[in-house]
Amino acid sequence: MKIIKKQHNMNKIVLLLFFVTLSSFAQDRKEEKRKEKAQIESTDLTWEGNKDLSENDFVSAEVDYRKAIAKSGENNAAPYNLGNAYYNKETYSEAFGRYKQAGEVATAKEDKHKAYHNMGNVFMKQKEYEKAVEAYKEALRNNPKDEETRYNLALAKELLKKQQDEQQKNDDNKDDQDQKDKQDQEQDQKNEGDNKEDQKDQDDSDKNDQGDKGDEKKEDNKEGDGDKKEEDKKQPEQGDKPQEQQQQQPRPNQLSKQQIQNLLEAMQNEEKKVQEKIDAKKVKGAKVKNEKDW
């Protein structure tokens, strides 16, 4: 009984595994069919986009390509062709994004080669020559025999060298200009310092001049007073003596003490002379009188 039961359990497990495997296979088959269907629809939409683009209907072509990309992530033709449409419209940033998408999705080397080759063309248009060189190298890794890619790679290298030389020249000029600007700035600062020093010296000189002028003025005043005093000494009769001397001088109609003294003495002498004359006349008169009487 135990053996039969064990065998029965094994059969159940086998059957369960069979159904799981069958279900997984069916699911995978279903997913595969869905992808096949999506791929077919994506391819049809890509052809529609190509048709619209050939008729110069860019808007409809862009819509069809976008739908094709959304339908299947394995369709590298749709992003590649959309990239070409953007490139012809000179919308290079959008074109690069679609070429990059196509190169990542592509499985065939030839498809990868075309995607990277066109990425290099975008970089050339944008003058990003270093990135263009790398894109063309990647394209040649997938198709070393493509002469157009090889030519573009050589041209990109030449333009890159010119660009680097020009950049080096600009950098040298910039360094020279920076050095010149630095020297000019230092010279300006030096001149500013010299100007401040000169201004300070000028201010000090002005102050000294003002001080000298003040001293000269004082000296002139002092010398003027001295000259005036000297003049007063030389010319006492003009009444230009200092206040004290003017106070000691008599007024115009007054006599000095000495003059009064001299005058008194003169008057006394005159009186003495007069008295002498009177006395003499008296004596003489007396004689006359005597003579008359006689």
Side-chain angles (χ1 to χ4, degrees), residues 22-160 163:
L22 184 62
S23 176
S24 177
F25 177 78
Q27 187 68 27
D28 291 342
R29 181 60 183 168
K30 184 179 180 180
E31 181 65 20
E32 185 178 348
K33 286 184 178 181
R34 187 192 68 78
K35 288 183 178 181
E36 289 177 356
K37 182 180 179 181
Q39 182 68 22
I40 293 172
E41 292 177 351
S42 179
T43 301
D44 292 340
L45 288 169
T46 301
W47 281 106
E48 288 293 329
N50 294 343
K51 181 175 178 295
D52 293 333
L53 201 60
S54 66
E55 296 174 354
N56 294 323
D57 188 357
F58 174 81
V59 175
S60 297
E62 183 182 22
V63 172
D64 290 335
Y65 287 138
R66 286 181 178 274
K67 287 181 178 179
I69 293 169
K71 281 290 184 178
S72 175
E74 296 178 358
N75 181 8
N76 64 284
Y80 179 82
N81 291 352
L82 181 56
N84 287 339
Y86 284 136
Y87 186 91
N88 292 331
K89 287 287 185 179
E90 298 183 355
T91 311
Y92 298 122
S93 59
E94 293 289 343
F96 171 77
R98 293 305 176 178
Y99 289 142
K100 184 174 184 294
Q101 184 180 15
E104 291 173 348
V105 172
T107 55
K109 285 191 174 184
E110 183 57 29
D111 292 339
K112 284 184 176 294
H113 163 260
K114 291 189 295 183
Y116 281 104
H117 177 94
N118 285 4
M119 287 169 64
N121 291 346
V122 170
F123 287 131
M124 290 287 282
K125 288 290 185 180
Q126 295 175 331
K127 297 183 179 181
E128 299 182 61
Y129 302 121
E130 187 173 0
K131 292 181 180 180
V133 168
E134 295 303 321
Y136 289 135
K137 284 182 178 180
E138 187 63 28
L140 287 174
R141 290 187 185 101
N142 289 277
N143 185 5
K145 296 181 180 180
D146 191 287
E147 294 299 327
E148 184 179 355
T149 303
R150 193 176 299 281
Y151 172 83
N152 287 0
L153 175 60
L155 179 61
K157 286 181 177 181
E158 182 180 353
L159 294 175
L160 175 60
Q163 187 182 60

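Just so it is clear, the structure is predicted and the values come from calculations on it, not from any experiment. These numbers come from the heavy atoms of this one structure, side chains and all, not from hydrogens, waters or symmetry mates. Heads up: numbering here begins at 1 and tracks the sequence.
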Which atom of Ala61 lies closest to which atom of Asp52, heavy atoms considered = N-CB, 3.6 Å
Identify whether the distance between the nearest side-chain nitrogen and carboxylate oxygen of Glu62 and Arg66 falls below 4.0 Å.
-> yes
Do the side chains of Ile69 and Gln101 get nearer than 4.5 Å, heavy atoms only?
-> yes
Could you state the interatomic distance from CG (Asp146) to NE2 (His113), rounded to the nearest 0.5 Å?
-> 3.5 Å
Ala95 and Gly83: which non-hydrogen atoms are nearest, and at how many Å?
-> CB-O, 3.4 Å
Decide salt bridge (Lys or Arg N to Asp or Glu O under 4.0 Å) for Arg98 and Glu94; before the verdict, give the C-alpha distance in whole Å, the side-chain angles of both, and the deciding distance to 0.1 Å.
-> CA-CA 6 Å; Arg98 293 305 176 178; Glu94 293 289 343; 5.2 Å; no
Is it true that a side-chain atom of Lys112 and a backbone atom of Asn142 form a donor plus acceptor pair closer than 3.5 Å?
-> no
Hey, does Tyr65 have a side-chain heavy atom less than 4.5 Å from the side chain of Leu45?
-> no
Atom pair NZ (Lys35) and CD (Glu74), whose distance is rounded to the nearest 0.5 Å | 5.5 Å
With a cut-off of 6.0 Å (strictly less than), are more than 12 heavy atoms of other residues, nucleotides or ligands near CD of Glu36?
-> yes
Is a side-chain N or O of Ser72 found less than 3.5 angstrom from the main chain of Gln39, in a donor-acceptor match?
-> no
Quick check: are there more than 12 heavy atoms from other residues, nucleotides or ligands sitting under 6.0 Å from NZ of Lys71?
-> no
Considering only NZ, NE, NH1 and NH2 on the basic side and carboxylate oxygens on the acidic side, decide whether Arg141 and Glu138 come within less than 4.0 Å.
-> yes
So which heavy atom on Ala68 is nearest to which on Ser42, and how close?
-> O-OG, 2.7 Å
Note: Val133 and Leu153 closest approach over all heavy atoms is O-CD1, 3.6 Å
Is a side-chain donor-acceptor pair under 3.5 Å present for Thr43 with Asn75?
-> no
Contact check, side chains of Met124 and Leu159, non-hydrogen atoms, under 4.5 Å = yes
Is the count of non-hydrogen atoms from other residues, nucleotides or ligands lying under 6.0 Å from Tyr151 atom OH greater than 12?
-> no
Any donor-acceptor N/O pair, Ser54 side chain to Lys51 backbone, under 3.5 Å | yes
Determine the minimum heavy-atom distance between His117 and Asn152, stating which atoms define it.
-> CE1-ND2, 3.4 Å
Arg150 side chain to Pro144 backbone, donor-acceptor under 3.5 Å | yes
Which atom pair, heavy atoms only, marks the closest approach of Ala132 to Ala156?
-> CB-CB, 4.2 Å
Check whether NZ of the Lys or CZ of the Arg Lys157 lies under 6.0 Å from the centre of the six-membered ring of Tyr129 and within 45 degrees of that ring's axis.
-> no
Are the side chains of Val122 and Lys131 in touch, meaning some heavy atoms are under 4.5 Å apart?
-> no
Using atom types as modelled and distance alone, determine if a side-chain donor or acceptor of Asn118 lies under 3.5 Å from a backbone N or O of Asn121.
-> no
Under 3.5 Å, is there a donor-acceptor pair between the Tyr99 and Asn84 side chains?
-> yes
Ionic contact status for Lys114 with Glu110, cut-off 4.0 Å | no
Distance flag, aromatic centroids of Tyr92 and Phe123, threshold under 6.0 Å = no
